There are 2 protein chains.
Amino acid sequence: MTEAIAADALLDRMRHKGDVMQRDCPSRAILQHLTSRWGVLVMLALLPGPRRFSALRRRIGGVSERMLAQTLQQLEGDGMIWRRAHAVVPPHVDYGLTPLGTEAAGRILGLAGWIEDNLSDILSAAQQRAA
Amino acid sequence: MTEAIAADALLDRMRHKGDVMQRDCPSRAILQHLTSRWGVLVMLALLPGPRRFSALRRRIGGVSERMLAQTLQQLEGDGMIWRRAHAVVPPHVDYGLTPLGTEAAGRILGLAGWIEDNLSDILSAAQQRAA
DNA sequence: CAGAATCCTTTTTGATACTG
DNA sequence: CAGTATCAAAAAGGATTCTG
């Protein structure tokens, strides 16, 4: 485990502060938005670069227009993504990660990527248990 | 950004596979459990070491018994945590991270820790936008 | 095209009470 | 203590329609 040192440091800090564990800590709300069902996928989808609304919708399997719009607004409100609307007809709007959002997306990718990399291990561990 | 290289590698792989983006990919389900409202907090709460049910309940502000039990079962089903029940009265049950769960929790801590570390930046960015 | 608005269905969640 | 059962409330999600 290469990130053991970093984890320990963070862990130590959390042991003393433990903000997220408090029900009304603002960090929990941010975490919540970022880890929401579609929030995670939106962040990942934007990592390669800015995308248009419809491109995001195609890329993220299963999102409805409603949920995508809602999620984008929420993340924009948190300062994780920006939105740029071109005043043309038909409308053209694209979204991208802010510097802050890029950092967050990196961490999300850290988790999502790990899952994908270890999917077979995870699934077999889960299956063993089911037996 | 120190993890730029790792992120690029993962990103590249995702660009070609992009499993999570597919609505029926099993990795999305795992991700979903891990990033669920209480799942994240349970994983973080177990990172320092095994804990009893009631200890977890106290530590995680706002969970109901029901949600905690449900979340624990789900994560246990995914092979992320183990459960050990001592046959005594009154009952004594504790939970801990499996090796797999420990790795996952590390990634989650990566995100949660980043949020806590940058909370003031995040909140001010969000506020600016609201103005 | 990018959404806002509306309506309706499905999940999730929280209290509360009950049990081994 | 560590849950399960039940019920009611709330939130999330989906489908459809409409507009600049």
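To find a chain, count down the sequence lines: A is the first, B the second, and so on, and within it residues start at 1. What you see is a predicted model, and the numbers here were worked out from it, not measured in a lab.
Contact between the side-chain N/O atoms of B:Arg52 and the OP1/OP2 oxygens of D:dC1 is not found at any separation under 4.0 Å. Distances shown here put a side-chain N or O of B:Ser54 below 4.0 Å from the OP1 or OP2 atom of D:dA2.
Residue pairs meeting the salt bridge (Lys or Arg N to Asp or Glu O under 4.0 Å) criterion with at least one partner in residues 86-98 of chain A, sequence neighbours excluded, are A:Arg84-A:Asp94.
Counting to the nearest Å, the C1' atom of D:dA2 and the OH atom of B:Tyr95 are 7 Å from each other. What separates CZ of A:Arg58 from C1' of C:dA2 is a distance of 13 Å, to the nearest Å. Rounded to an integer number of Å, the gap from A:Gln73 CD to C:dA5 C1' is 13 Å. Going from atom CG of B:Leu68 over to atom C1' of D:dC1 covers 13 Å, rounded to whole Å. Atoms CZ (B:Arg51) and P (D:dC1) sit 17 Å apart, rounded to a whole Å.
For A:Ser124, there are no side-chain contact (heavy atoms from CB on, under 4.5 Å) partners two or more places apart in sequence or in a different chain. Applying the side-chain contact (heavy atoms from CB on, under 4.5 Å) rule to A:Pro91 yields no partners; only residues at least two apart in sequence or on another chain are considered. Under the rule for a side chain to side chain donor-acceptor pair (under 3.5 Å), A:Asp121 has no partner lying at least two apart in sequence or in another chain. A:Asp78 meets the salt bridge (Lys or Arg N to Asp or Glu O under 4.0 Å) test with no other residue; sequence neighbours excluded. The side chain to side chain donor-acceptor pair (under 3.5 Å) search around B:Arg58 returns none, not counting sequence neighbours. Among residues two or more places apart in sequence or in another chain, the side-chain contact (heavy atoms from CB on, under 4.5 Å) test is passed with B:Arg83 by B:Glu76, B:Ala85, B:Val93, B:Tyr95. In this structure A:Arg23 satisfies the side chain to side chain donor-acceptor pair (under 3.5 Å) test with no other residue, sequence neighbours excluded. Under the rule for a side-chain contact (heavy atoms from CB on, under 4.5 Å), the partners of B:Gln74 that lie at least two apart in sequence or sit in another chain are B:His33.
Direction change of the helix axis from one end of the helix from C:dC1-D:dG20 to C:dG20-D:dC1 to the other is 50°, with five pairs defining each end axis (rounded to 10°).
By the 4.5 Å heavy-atom criterion applied to side chains, B:Ile108 and B:Leu34 are counted as neighbours.
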Using a 4.0 Å heavy-atom cut-off, write out nucleotides 7-20 of chain D from 5' to 3' as B (base contacted by protein), S (sugar-phosphate only) or - (no contact).
B-----BBB----B
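Proximity of residues 74-88 of chain B to DNA chain C (heavy atom under 4.0 angstrom from any strand atom) is not detected for any residue.
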Verdict with reasoning, B:Val42 to B:Val63, per side-chain contact (heavy atoms from CB on, under 4.5 Å)
CA-CA 10 Å; B:Val42 165; B:Val63 232; over 6 Å; no
